[in-house]
Amino acid sequence: MIITQEQIAHFKTLKTPFYFYDIQLLEKTLSFAQSEAKKYGYILHYAMKANVNDKVLASVQKHGFGADCVSGNEVQKAIDAGFPADEVVFAGVGKSDDEILTALSHDIFCFNCESVQEIEVINELAAQEGKTAKIAVRINPDVSANTHHHISTGLKENKFGVNMSEMDSVLEVIAASANIKLVGIHFHIGSQITDLSSYKNLCVRVNQIQEWFATRHVSLEFLNVGGGLGIDYYNPETNDIADFKEYFAIFNEFLKLQPGQKLHFELGRSMVAQCSSLITRVLYVKEGATVNFLILDAGMTELIRPMLYQAYHKINNLTATANEIETYDVVGPICESTDTFAKALELPKSKRKDIIEIKSAGAYGEVMASNYNLKTLHPAVYSDEVGVAV
Ligand SMILES: *Cc1c(COP(=O)(O)O)cnc(C)c1O
């Protein structure tokens with residue numbers, strides 16, 4: 001995504017900080033993801049937690065994706081946004097009774113279940129409501145995602161999923177649960193996965209697990225291999241669409257489906273991350289004892305990824321006029337030393353009121369913004385409302 005001069009002129013008239021969405025890039029990304037998935041008949045659910053901005057959701061919905069939800073409110077939001085209930089899945093290690101009831105009331109496609117006790121509770125609530133809940137068991141495959149440890153979810157020490165060693169007892173519980181129907185198995189090994197060999201390892205493991213089920217004569221209508229496809233935070237201008245082609249091709253090559261079995265995916269970040277930047281202004285340039293600080297009007301309250309996962313986001317000064325390069329620690333205004341976007345970053349010499357763009361912020365950005373310090377995040381701005389992005 002490249003911000004145009006016309007857009008910069010518009011930004012100058014607005015209060016900051018705000019998220020800017022490139023709707024054309026979003027649409028291009030969604031179309032590409034959908035067409036690559038369709039090549040193999042794969043079914044793609046959008047992981048809502050990445051971004052629930054209404055305009056983004058409307059685009060996603062229009063492209064014919066299902067929704068992957070991790071809370072009752074997300075399930076409700078998906079239904080309200082027009083996603084068909086039979087394309088909504090509900091995952092998460094800690095589903096509350098109210099959330100389960102919400103999902104049951106809409107007859108969603110499937111609950112991705114993460115423990116024996118959860119299956120028992122869903123069975124009980126489904127019986128009470130006179131329904132049968134379709135479930136997939138989330139299995140912890142013990143496959144490394146080679147990603148940041150905070151966003152790795154498929155290792156045996158992680159809290160997610162059921163280990164294969166427990167699977168016999170899980171099947172016994174399911175067999176004894178009159179209001180539960182097992183329809184699939186589910187995996188999700190982590191996020192921001194750029195080493196695609198992790199997915200090959202997942203396929204090999206899933207093939208073994210499929211054999212385990214086959215020897216027990218348990219048939220599975222579908223497999224769900226989750227999401228996690230990474231994006232290029234370092235070269236967002238030149239590499240603005242994730243490698244969906246290679247990603248789906250790996251599953252096609254290495255995963256063995258049973259006859260008639262469907263393959264589902266749940267992608268979040270790769271569908272929305274590159275289509276948005278956080279736009280902020282320089283409040284002050286401050287000379288520190290050892291470094292100079294560029295103090296912005298946005299901080300961890302608007303974009304917490306750098307503070308939470310040491311995530312890198314490319315930062316541009318959109319209005320710098322100097323040719324000189326200076327080194328800054330780029331920080332927010334929040335009363336926490338961790339409120340730092342980048343350390344020792346080289347930027348064109350910057351001044352008060354310069355407009356700064358923090359790129360690749362469309363996933364886990366606006367949706368994680370908080371009310372801490374009672375900061376104001378101004379309304380999002382959309383490319384199709386302020387001139388056309390390149
Ligand atoms: C977060 C999550 C996803 C999406 O992950 P991305 O890295 O954003 O693609 C998919 N499935 C489950 C169960 C998740 O928790």
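For this chain, numbers begin at 1 and follow the sequence in order.
Lys375 has its side chain within reach of Ile334: a pair of non-hydrogen atoms, C-beta onward, lies under 4.5 Å apart. Inter-residue side-chain proximity for Leu294 and Glu326 is flagged as unmet; no heavy-atom pair is nearer than 4.5 Å. Between Leu14 and Val381 there is a side-chain heavy-atom pair separated by less than 4.5 Å. Proximity of Phe18 to Glu302: side-chain heavy atoms (C-beta onward) are nowhere separated by under 4.5 Å. For the pair Met48/Leu57, a side-chain contact is recorded, criterion being any heavy-atom separation below 4.5 Å from C-beta on. Side chains of Val291 and Thr327 form no contact here, defined as non-hydrogen atoms less than 4.5 Å apart. Residues Asp339 and Pro333 meet the side-chain proximity criterion, which asks for heavy atoms closer than 4.5 Å. A heavy-atom distance below 4.5 Å is found between the side chains of Trp212 and Met164.
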In residues 167-179, what donor-acceptor pairs under 3.5 Å come from side-chain atoms, sequence neighbours left out?
{"residue": "Asp168", "atom": "OD1", "partner": "Arg216", "partner atom": "NE", "Å": "3.0"}
{"residue": "Ser169", "atom": "OG", "partner": "Glu166", "partner atom": "O", "Å": "2.8"}
{"residue": "Ser177", "atom": "OG", "partner": "Val173", "partner atom": "O", "Å": "2.6"}
{"residue": "Asn179", "atom": "ND2", "partner": "Lys131", "partner atom": "O", "Å": "2.9"}

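Between Lys28 and Asp240 no salt bridge is recorded (no basic side-chain N to carboxylate O distance below 4.0 Å). Between Lys39 and Glu36, at least one side-chain N (NZ, or NE/NH1/NH2) sits under 4.0 Å from a carboxylate O, which counts as a salt bridge. A salt bridge links Asp354 with Lys351: the closest approach of a Lys/Arg side-chain nitrogen to an acidic carboxylate oxygen falls below 4.0 angstrom. For the pair Lys286 and Asp329, the salt-bridge criterion is not met [side-chain N within less than 4.0 Å of a carboxylate O]. Between Lys314 and Glu237, at least one side-chain N (NZ, or NE/NH1/NH2) sits under 4.0 Å from a carboxylate O, which counts as a salt bridge.
Residues Met307 and Tyr309 are members of one and the same hydrophobic cluster, defined by side-chain heavy-atom contacts under 4.5 angstrom among Ile, Leu, Val, Met, Phe, Trp and Tyr. Cluster annotation: Val206 and Tyr199 are assigned to the same hydrophobic cluster (Ile/Leu/Val/Met/Phe/Trp/Tyr, side-chain heavy-atom contacts under 4.5 Å, transitive).
Hydrophobic side-chain contacts under 4.5 Å tie Ile231 into a cluster, directly or through other members, with Tyr233, Tyr234, Tyr312. Through ILVMFWY side-chain contacts below 4.5 Å, Ile325 is grouped with nothing and stands alone.
Arg305 contributes atom CZ, which lies 7.0 Å from atom CD of Gln192 (distance to the nearest 0.5 angstrom). Taking CG of Leu223 as the start and CZ of Phe251 as the end, the distance is 10.5 Å to the nearest 0.5 Å. The line from CD1 of Ile180 to CD of Glu124 is 10.5 Å long, rounded to the nearest 0.5 Å. In this structure, NZ on Lys200 lies 13.5 Å from CG on Leu255, to the nearest 0.5 angstrom. Distance check: Phe187 CZ to Ile209 CD1 gives 4.0 Å after rounding to the nearest 0.5 Å. Of the inter-residue distances, the one linking Ile139 atom CD1 with Glu114 atom CD reads 11.5 Å to the nearest 0.5 angstrom.
For Lys353, the NZ atom is loosely surrounded, since the number of other residues' heavy atoms within 6.0 Å does not exceed 12. Within a 6.0 Å sphere centred on CD of Gln208, heavy atoms belonging to other residues, nucleotides or ligands number more than 12.
The two residues Val56 and Leu26 have their closest heavy-atom pair at CA-CD2, 4.0 Å. The two atoms that bring Thr29 and Ser270 nearest to each other are CG2-O, 3.7 Å, heavy atoms only. Annotation for Cys113 and Ile119: closest pair CB-CG1, 3.8 Å, computed over non-hydrogen atoms. Looking at every heavy atom in both residues, Ser277 comes nearest to Glu357 through OG-OE2, 2.7 Å. In plain terms, the two heavy atoms of Ala133 and Ile122 that are nearest each other are CB-CG2, 3.6 Å.
For the pair Lys95 and Phe111, the NZ or CZ position fails the cation-pi test of under 6.0 Å to the six-membered ring centre and within 45 degrees of the ring normal.
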Under the side-chain hydrogen bond (donor to acceptor under 3.5 Å, both in side chains) criterion, do Ser383 and Gln24 qualify, and how do the steps go? CA-CA 7 Å; Ser383 61; Gln24 288 86 353; 2.5 Å; yes
side-chain hydrogen bond (donor to acceptor under 3.5 Å, both in side chains) for Tyr382 and Asn53? Distances and angles first, verdict last. CA-CA 11 Å; Tyr382 304 94; Asn53 175 296; 2.9 Å; yes
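Phe248 and Phe265 have their aromatic ring centers within a separation under 6.0 angstrom. The ring of Phe83 has its center no closer than 6.0 angstrom to the ring center of Phe65. Aromatic pair Phe222/Phe109: ring centres closer than 6.0 Å.
Using modelled atom types, no side-chain atom of Thr321 and backbone atom of Thr319 make a donor-acceptor pair closer than 3.5 Å. In this structure, Glu87 contributes its side chain and Pro84 its backbone to no donor-acceptor pair below 3.5 Å.
By the 30° and 60° cut-offs, the orientation of the rings of Phe20 relative to Phe11 is perpendicular.
Each of Ile356, Thr16, Leu303 was evaluated against Leu278; a single residue qualifies, Leu303, per the side-chain contact (heavy atoms from CB on, under 4.5 Å) test. Under the side chain to side chain donor-acceptor pair (under 3.5 Å) test applied with Asn224, the options Glu266, Arg138, His264, Lys262 reduce to a single match, Glu266.
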